[in-house]
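Report on the following structure.
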There are 2 protein chains.
Amino acid sequence: MKQSEYQKDDSIGSMNRHKIMAAAEYEFALHGYAGTRVQHIADRAQLPKTNVLYYFKCKEGLYLALLEEILSLWNGQFDEATAEDDPAVILAAYIRDKMTKARQRSAASKVFALEIINGAPNLNTFFREQHCQWMAGRVQVLYSWMAQGKMKALNPEYLLFHIWATCQHYADFAAQITQLKGKPMGEPEFAEATDNLIELILTGCGLTVPERF
Amino acid sequence: MKQSEYQKDDSIGSMNRHKIMAAAEYEFALHGYAGTRVQHIADRAQLPKTNVLYYFKCKEGLYLALLEEILSLWNGQFDEATAEDDPAVILAAYIRDKMTKARQRSAASKVFALEIINGAPNLNTFFREQHCQWMAGRVQVLYSWMAQGKMKALNPEYLLFHIWATCQHYADFAAQITQLKGKPMGEPEFAEATDNLIELILTGCGLTVPERF
DNA sequence: CAAAAACCAGACCAACTGGTCAAGTTTTGG
DNA sequence: CCAAAACTTGACCAGTTGGTCTGGTTTTTG
């Protein structure tokens, strides 16, 4: 029983909390907030329903806790890029990172997507302001890259939207893609899609794909 | 009372059916299938709830009817393109068409997106086969364009996914975009986004944006 | 113009579901 | 070792919701 500084990770409470969150992520992603049954979350977590309500006051509380955890995942290397960096390297890494997350955390991605489609009624003002600030910073970096002639002049906002859209698509629309390809996308397919996307976007920005990628 | 050949369009029944479908599209898009209340659809259609159940056997029947109508909208000019056409013209028109639909039928787009995210449990095999055939045909045309040297060699499947993803994003994630831009996208913003997207994708495919666009 | 078909709508209900309660058992900490 | 805190769980309930039933009104049609 090595508890070290993180005693909570061993406690029975935090273990159950974690199991419940994982089950909730799966259920909410598949059925949406209203379509998800607390009972089903409990079943998936292998706990009685009452136990779920013991750890999280109510269904909405569980959903909000999950949403907050998901939002904290949405950060990446691009966050610290500056005007001095090479846009080709930064953007390629950003796209690669987003694609990896789309593959590994597709359920989280779906929960987020559902929240936005429903009008984002549960994203508090803190997140919104934080998000806007992040955006403003990235737009400035992109503008300075363009001013330096490092890349083609495009509207940076739309460029970011296009990157998000494509990466998110591989998580959210996996069912459609599986249908059309005849089988689910595995690791090699994701790698190919990622390379294709990097090639498409970077070329579209007037950049050359870095050799190291 | 000019009924011409379409007598059904004047009948009180089809008018109500239409009102209900429009209300259902709005409600399902905003709250998902499970989160939508038949009562709310009735309220929005300005009819008593019993009337909604009169025209459509049940909630699920209404949803399926709506879904079928939505699927029939998802066709465009690209459907008839051949190896002889100019890929720049065809793809630019395809993107423009998809963006227009994303703007004008955003609720329909959201209902479709929700269905896919939930694993597409209501898309019957007919639609699936039809969809796969469409895809196979388009992939062949794209391959022949590439073989003729008309455009850069890319995986055509992923190219189509990227186009769908970006256009759909402007409908489904409108809430996020509105938040980040500080105001909802109007017609001029959509025009700018469309031009940006066409520029990005066509350049990424090694094409030049047609002057006429 | 009559009767049949289509349409309208209030009252009602059975099933489901989020959430509570109370009575336990286990774990923790001094 | 013991008491308090944390955890577990079956029984239960109140509100909601999709859907039915019945009796009526309007529209269509032969």
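Proteins come first, then strands; the chains are lettered A, B, ... in the order of their sequence lines, and each starts at number 1. Values in this document were obtained by computation on a predicted structure and should not be read as measured data.
Annotation: Phe112(B) is in aromatic contact with Trp74(B) [ring centroid separation under 6.0 Å].
Classification of the Trp134(A)-His131(A) ring pair by plane angle, with boundaries at 30° and 60°, yields tilted. Ring planes of Phe161(B) and Tyr170(A): perpendicular class, angle over 60° (limits at 30 and 60°).
Proximity of residues 25-50 of chain B to DNA chain C (heavy atom under 4.0 angstrom from any strand atom) is restricted to Pro48(B), Thr50(B). Contacts between residues 57-68 of chain B and DNA chain D, defined by a heavy-atom separation under 4.0 Å, are made by Cys58(B), Lys59(B).
The shortest heavy-atom contact between Ile95(A) and Cys167(A) is O-SG, 4.0 Å. Closest of all the heavy-atom pairs between His162(B) and Ala193(A) is NE2-O, 4.3 Å.
At a threshold of 4.5 Å between non-hydrogen side-chain atoms, the residues Leu123(A) and Ile116(A) count as touching.
For the pair Tyr55(A) OH and dA5(D) C1', the interatomic distance rounds to 12 Å; values are reported in whole Å. Rounded to whole Å, atom P of dC7(C) lies 13 Å from atom NZ of Lys19(B). Look at CG on Asn51(A): it is 15 Å from C1' on dT20(C), rounded to the nearest Å. Atom CE of Met15(A) and atom P of dT27(C) are 12 Å apart (whole Å). Atom C1' of nucleotide dC7(C) and atom CZ of Arg17(B) are separated by 11 Å, given to the nearest angstrom.
Under a 4.0 Å N-O distance rule, the pair Glu189(B)/Lys181(B) does not qualify as a salt bridge.
With hydrogens and angles disregarded, a donor-acceptor distance shorter than 3.5 Å links the side chain of Thr36(A) to the backbone of Gly32(A).
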Which atom pairs link the protein and nucleotides 22-28 of chain D when you take only N or O atoms and keep those under 3.5 Å?
none

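Taking only side-chain nitrogens and oxygens, Tyr54(B) never comes nearer than 4.0 Å to OP1 or OP2 of dC8(C). Proximity of Asn16(B) to the phosphate of dC8(C): a side-chain N or O atom is located under 4.0 Å from OP1 or OP2.
Each of Gln168(A), Lys98(A), His169(A) was evaluated against Ser109(A); a single residue qualifies, Gln168(A), per the side chain to side chain donor-acceptor pair (under 3.5 Å) test.
At a cut-off of 3.5 Å, with distance as the only test, a side-chain donor of Gln39(A) or Asp43(A) sits close to an acceptor on the other residue. For the residue pair Tyr63(A) and Glu115(A), a side-chain donor N or O sits within less than 3.5 Å of a side-chain acceptor on the partner.
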